[in-house]
Amino acid sequence: MSLSAARVLDLPASSFQPPAPPPQPKPLGAFRLIASLWRNPLECWAQDHFDKPIVIGGLPFAHVVLVSEPRAIEHVLLDNAGNYRKDSLQRRVLSAGLGHGLLSAEGEQWRVQRRTVAPVFARKTIMDFAPHMLAAAAALVARWRRQDGVSLDVAAAMTRLTLDVLERTIFSDGLGRAPEEFRLAMRTYFDTIGRIDPFDVLGLPPTVPRFAHWRVRSTLRFFEGAIDDIIATRRRRLAEEPDAVAKDILTLLLNALDPETGNRMAEIEVRSNILTFIAAGHETTANLLTWSLFLLSQAPAWRERVEAEAERELHAPPASLGERLVATRAVIDEAARLYPPIAAISRVALGPDELAGTKLKRGSLVVIAPYVLHRHRLLWRDPNTFDPTRFLGEARHAIDRYAYIPFGAGARTCIGSLFALQEATLVLASIVKNFRLDLAPGTAVWPLLRVTLRPANGLPMVITRRRAG
Ligand code: HEM
């Protein structure tokens, strides 16, 4: 255990129970279930889901199994992963523009891409991105210094910040000729693909145009065209002056070679993966930061500890910060436990199987819900209490790998987890070092699941400058 971990271990456990919908006393019938899935899927969980390792039931037209037993989860995501694929609704919702990227690909196309892209997200490469992440945080701090005492929507600010980090790490030499138009198109694009279209729920084939996609078709064309222009310019520069080109994610993707065949990725795969990284990486990380800031505002002892840690450690070389910001990281891990940005993962069984004594047939839908798993009574002490000491020292090592899965697990585990955790840690430390954030008076915070888990109505907070600097 590091010295810094030992120093924070003497913290009193907080007794704060952050807001969450109370579980339904018994599983909902089909009609109420569909209504609550539409309103806020977090409200559909019943007490049984948080008490039992496996619960069968749910939708009238599908055999649905919610699994919260770590060995059964390991079986689905790792040992027998070949028997499961992502379900088609999840893939259809994401497919616009991302179809050839890592998140949506299946089978051999996925395998080749994953091994080709892996070095882009290796630990050493991510560490090299630390200065870009700190620079984006510094830009936020500079903006907020002009807004001392003001109430602003921290959820929106975090989304802007995570996009800034991706812009700096993917396209480090800029967004081409019309950066503001590019940013606007990017926001419109991601607003569109995140929505679940009724046609997708009904299972209409992809050839039937989706209303939302049709509405913003010209924006999408502009956005995708702008990325193609940036790629073409970068290819030219790489051919002409390879040593002068920044080693950002775009360069790394264009240079990436499949270690088995030596092949490069096709043009459309490079574009799809850039869109995928932005889609998978900005709202998720923004929510993680937003929840961390909310939780700290409700737990004064932890806030002071994290402030002191940031003051003490943030001057150290960027590459060493991950090891030093121990309390900050524990708060982030606890935020990801209580409010996992991806609250549920689902898979369809391709053939029969058995999970924790329950028989599955071909076509069964297996749901693994980090939100439920992370608050499960059989796996966690005081599951609904905010207590980052769970992630310090020995306690962290005692957590079952398959009981805590904010980034998934197995072959399809999040490729960007190191990136996201490093970014969240550096940004959170930079913010608390400079500002104290308090919930704006009269604000009631409530978690809402809309693709990612976010506070309904944003997170208005008053920002107060901590020191003259
Ligand atoms: C807090 C932030 C994040 C969370 C909570 C998160 C969560 C997840 C989860 C749960 C999965 C697995 C989904 C499944 O098994 O069905 C996943 C996959 C993925 N994530 Fe993340 N993610 C985050 C940030 C990022 C970032 C920053 C990037 C890229 C820059 C990224 C890129 C991806 C990709 C490409 C996949 C698909 C991997 C594959 O199928 O091989 N994610 N993420």
Side-chain angles (χ1 to χ4, degrees), residues 73 76-78 81 84-91 93-94 98 100-107 109-118 120-122 125-126 129 132-133 136 158-159 161-171 248-250 252-253 269 272-292 329 332-333 335-348 365-371 373-374 402 404-428 449 451-454:
I73 294 175
V76 173
L77 296 181
L78 185 71
Y84 297 89
R85 64 165 172 71
K86 294 195 175 187
D87 72 281
S88 50
L89 174 61
Q90 210 182 123
R91 283 189 297 138
V93 169
L94 289 172
L98 311 182
H100 300 273
L102 205 48
L103 196 61
S104 320
E106 287 283 348
Q109 190 192 22
W110 169 79
R111 246 184 305 283
V112 172
Q113 279 198 25
R114 180 91 192 195
R115 65 182 185 233
T116 309
V117 169
V120 177
F121 290 92
T125 321
I126 301 299
F129 292 147
H132 292 301
M133 294 169 175
M158 291 304 105
T159 306
L161 175 127
T162 53
L163 279 175
D164 187 19
V165 167
L166 285 162
E167 198 180 307
R168 289 168 191 260
T169 48
I170 299 175
F171 311 110
D248 55 14
I249 290 179
L250 178 54
L252 293 171
L253 273 184
E269 291 180 318
S272 267
N273 274 305
I274 286 175
L275 293 176
T276 296
F277 299 156
I278 304 174
H282 85 282
E283 213 173 272
T284 44
T285 315
N287 285 327
L288 184 55
L289 276 161
T290 301
W291 287 116
S292 302
R329 174 64 194 275
I332 287 164
D333 290 335
R337 184 184 71 83
L338 288 163
Y339 298 113
I342 302 295
I345 297 169
S346 48
R347 297 286 191 268
V348 174
L365 183 66
V366 177
V367 178
I368 299 167
Y371 182 84
L373 184 73
H374 295 175
Y402 291 86
Y404 179 67
I405 53 165
F407 294 98
R412 301 212 65 152
T413 190
C414 178
I415 203 167
S417 59
L418 285 179
F419 185 104
L421 287 169
Q422 176 176 291
E423 173 181 357
T425 310
L426 297 181
V427 170
L428 186 62
L449 183 54
V451 185
T452 57
L453 182 56
R454 64 199 47 194

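Counting starts at 1 for both ligands and their atoms, following the listed order.
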In terms of heavy-atom contacts, P370 and I345 come closest through CD-N, 4.2 Å
Could you tell me which atoms of ligand 1, counted from 1 in the order shown, lie closer than 4.0 angstrom to a heavy atom of F419? 27 (C)
Within the 4.0 Å heavy-atom shell around I342, which atoms of ligand 1 are there? 7 (C), 10 (C)
N/O donor to acceptor pairs below 3.5 angstrom from side-chain atoms of residues 413-425, sequence neighbours left out:
from : atom 1 : to   : atom 2 : distance (Å)
T413 : OG1    : F407 : O      : 3.2
Q422 : NE2    : I126 : O      : 2.8
T425 : OG1    : L421 : O      : 2.6

Under 4.5 Å between any side-chain heavy atoms of [X] and [Y], yes or no?
X    : Y    : result
L161 : L289 : yes
V112 : R115 : yes
R114 : L102 : yes

[X] to ligand 1: N or O pair under 3.5 Å?
X    : result
T285 : no
R412 : yes
T413 : no

Heavy atom under 4.0 Å from ligand 1: found in [X]'s side chain, backbone, both, or neither?
X    : answer
F407 : both
P406 : backbone
I345 : side chain

Just to check, does R347 reach to within less than 4.0 Å of ligand 1 when the distance is taken from its heavy atoms? yes
Once side chain to side chain donor-acceptor pair (under 3.5 Å) is applied, do any residues pair with D333, and if so which ones, sequence neighbours excluded? R329, R396
